[in-house]
Protein chains: 2
Amino acid sequence: MPRAKSTPDTAGRILDVAEELVQVRGFNAFSYADIAAELGITKAGLHYHYPGKAELGEALIDRYTGRFNAALEHIGGRDAPAAAKLEAYVQLYADVLSARRMCLCGMLAAEYQTLPEELQTAIVGFFDHNEAWLAKLLAQGRRDGSIRFEGSAKDTARMIISGLEGAMLVARPYGDPGQFRKSAATLVAALTK
Amino acid sequence: MPRAKSTPDTAGRILDVAEELVQVRGFNAFSYADIAAELGITKAGLHYHYPGKAELGEALIDRYTGRFNAALEHIGGRDAPAAAKLEAYVQLYADVLSARRMCLCGMLAAEYQTLPEELQTAIVGFFDHNEAWLAKLLAQGRRDGSIRFEGSAKDTARMIISGLEGAMLVARPYGDPGQFRKSAATLVAALTK
DNA sequence: GTCTATAGGCAGATAGAC
DNA sequence: GTCTATCTGCCTATAGAC
């Protein structure tokens with residue numbers, strides 16, 4: 001997934017800063033003051049662009065999901081065996097972690113019970129779309145022979161997503177991206193050998 | 001892992017309530033007021049038992065880790081094939097999730113960057129011990145022939161722990177313990193066959 | 001051990017000037 | 001669009017009575 005591109009507009013810069021704060025600290029552990037200080041504007045100025053934290057959160061998920069889904073489309077459009085596409089999928093997660101960040105929606109999943117309903121719905125949507133995309137890829141891999149797995153493509157897709165999210169979650173306290181790469185490789189190896 | 005037993009003493013009841021709050025909402029999303037209201041005492045009363053949130057958090061992790069490790073010892077002491085012990089290990093996680101809770105240390109891992117240093121150290125300790133215990137179990141399973149896996153026992157152990165934590169993380173927004181069970185079963189089947 | 005009372009700070013949010 | 005100023009509420013924490 002491409003990083004958030006540098007945005008000259010204030011609304012976009014707010015999202016850039018807020019996104020990093022949520023991915024590193026969580027939605028409940030950052031404040032408008034944090035963003036304001038980072039951007040050199042006042043808290044009141046932020047409310048002009050995003051009236052409340054809920055609206056800011058929605059915008060964050062929307063942009064993140066859009067960027068992620070675009071990356072999935074890009075991978076899906078390649079002319080390559082499914083196994084190679086699966087590796088590219090794993091790399092999306094590795095890229096996030098290499099910036100010492102958790103997946104935005106993985107972080108929000110932890111805080112799920114404390115979030116406004118609109119955010120909750122958007123989080124589930126993120127995982128639903130990932131699961132559908134990945135299940136389709138796995139089915140393709142079974143056909144082209146590059147991926148072998150037992151059980152349904154849907155269950156396997158869900159397990160891979162869970163495994164990658166969990167590997168990010170556990171690797172971060174160790175501050176070691178290599179640990180994530182190893183875990184992810186172990187997971188993929190078990191599926192594609 | 002056995003649930004926290006009902007404790008007549010105030011210090012223990014505080015931990016009971018705080019534990020659920022952290023597992024459901026996170027460390028940064030509960031307050032002394034929440035606990036006080038639940039127990040029918042005042043916030044000031046809590047500070048007598050736990051001077052600050054950091055001390056309360058330490059006590060939470062210590063008790064949780066102790067209970068978890070005791071469950072591991074219990075499983076390890078059984079006369080059973082390693083594969084059966086692995087299933088019992090998975091069940092520890094399933095039991096936590098069936099109470100609509102996240103693993104305490106998994107939740108804290110998400111919030112890692114915002115926590116006091118003593119808590120951070122304790123969280124890593126939890127995962128270290130789990131990994132060592134599980135790696136030993138896997139090695140035993142390889143010897144007794146009940147578990148098959150490629151790569152090192154340590155890497156496989158780490159992937160299993162990550163996968164289980166991630167499966168809890170992702171399953172909770174769906175409010176469906178069955179989803180966790182399926183993911184966990186798929187994970188174990190893929191890694192140990 | 002638990003209470004009342006309160007301190008001091010920061011949260012999210014708004015009104016209105018510019 | 002961004003500011004100053006301010007509101008209200010909740011947070012963690014403490015002092016001191018009982």
Side-chain angles (χ1 to χ4, degrees), chain A residues 6-61 63 107-108 110-120 122, chain B residues 6-61 63 107-108 110-111 113-120:
Chain A
S6 88
T7 44
D9 61 297
T10 304
R13 274 192 306 240
I14 292 168
L15 289 185
D16 291 342
V17 175
E19 185 177 75
E20 163 153 26
L21 286 167
V22 173
Q23 290 185 265
V24 172
R25 303 177 52 85
F27 191 79
N28 293 318
F30 85 94
S31 71
Y32 270 43
D34 295 326
I35 304 174
E38 178 73 27
L39 292 181
I41 62 176
T42 62
K43 290 188 290 171
L46 297 177
H47 285 282
Y48 169 81
H49 297 280
Y50 303 98
K53 225 182 164 184
E55 288 85 353
L56 174 57
E58 274 192 89
L60 281 176
I61 301 179
R63 192 182 69 159
M107 180 64 85
L108 295 175
E111 302 177 287
Y112 190 81
Q113 257 92 336
T114 72
L115 301 176
E117 198 181 328
E118 317 87 65
L119 270 70
Q120 295 185 331
Chain B
S6 87
T7 42
D9 61 296
T10 304
R13 275 191 306 239
I14 292 169
L15 290 184
D16 291 342
V17 174
E19 185 177 75
E20 163 153 25
L21 285 167
V22 173
Q23 290 185 266
V24 172
R25 303 177 51 86
F27 191 79
N28 292 319
F30 85 94
S31 70
Y32 270 42
D34 294 327
I35 304 173
E38 178 72 27
L39 291 181
I41 63 175
T42 62
K43 291 185 287 173
L46 298 177
H47 285 282
Y48 169 79
H49 297 280
Y50 302 99
K53 225 182 164 184
E55 288 86 353
L56 174 57
E58 274 192 89
L60 281 175
I61 301 179
R63 193 181 69 158
M107 179 65 84
L108 295 175
E111 303 177 286
Q113 258 90 337
T114 72
L115 301 177
E117 199 181 330
E118 317 88 67
L119 270 71
Q120 294 185 331

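A note on names: the letters A, B, ... follow the listed sequences, proteins ahead of strands, and every chain is numbered from 1.
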Minimum heavy-atom separation for [X] and [Y], please, with both atom names.
{"X": "Lys53(A)", "Y": "Phe27(A)", "answer": "NZ-O, 2.8 Å"}
{"X": "Ile61(A)", "Y": "Ala122(A)", "answer": "CG2-CB, 3.7 Å"}
{"X": "Pro51(A)", "Y": "His47(A)", "answer": "O-ND1, 2.9 Å"}

Strand-adjacent residues in residues 111-119 of chain A, judged by heavy atoms under 4.0 Å from DNA chain C |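 Hits under 4.0 Å, by residue number: none.
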Between [atom2] of [N] and [atom1] of [X], the distance in whole Å:
{"X": "Leu46(A)", "N": "dC3(D)", "atom1": "CG", "atom2": "C1'", "answer": "12 Å"}
{"X": "Leu39(A)", "N": "dT2(D)", "atom1": "CG", "atom2": "C1'", "answer": "13 Å"}
{"X": "Tyr50(B)", "N": "dT2(C)", "atom1": "OH", "atom2": "C1'", "answer": "16 Å"}
{"X": "Ile14(B)", "N": "dT2(C)", "atom1": "CD1", "atom2": "P", "answer": "8 Å"}

Working to the nearest 0.5 Å, report the span between [atom1] of [X] and [atom2] of [Y].
{"X": "Tyr50(B)", "Y": "Leu60(B)", "atom1": "OH", "atom2": "CG", "result": "7.5 Å"}
{"X": "Asp16(B)", "Y": "Glu38(B)", "atom1": "CG", "atom2": "CD", "result": "10.5 Å"}
{"X": "Leu46(B)", "Y": "Leu56(B)", "atom1": "CG", "atom2": "CG", "result": "8.0 Å"}

Are [X] and [N] close enough that a side-chain N or O sits under 4.0 Å from OP1 or OP2?
{"X": "Tyr48(A)", "N": "dT2(D)", "value": "no"}
{"X": "Thr10(A)", "N": "dT2(D)", "value": "yes"}
{"X": "His49(B)", "N": "dT2(C)", "value": "yes"}

Tyr112(A) side chain to Met107(A) backbone, donor-acceptor under 3.5 Å = no
Backbone of Asn28(B) reached by a side-chain donor or acceptor of Glu111(B) within 3.5 Å = yes
Is any NZ, NE, NH1 or NH2 atom of the basic residue among Asp34(A) and Lys43(A) found under 4.0 Å from an Asp or Glu carboxylate oxygen of the other?
->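 Looking at Asp34(A) and Lys43(A), the cut-off is not met.
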Restricting to nitrogen or oxygen on both sides, can you table the protein-nucleotides 6-11 of chain D pairs closer than 3.5 Å?
| unit_1 | atom_1 | unit_2 | atom_2 | d |
| --- | --- | --- | --- | --- |
| dC11(D) | OP1 | Ser31(B) | OG | 3.0 |

Look at the side chain of His47(B) and decide which nucleotide, out of dA13(C), dT14(D), dA5(D), has an atom nearest to it.
-> dT14(D)
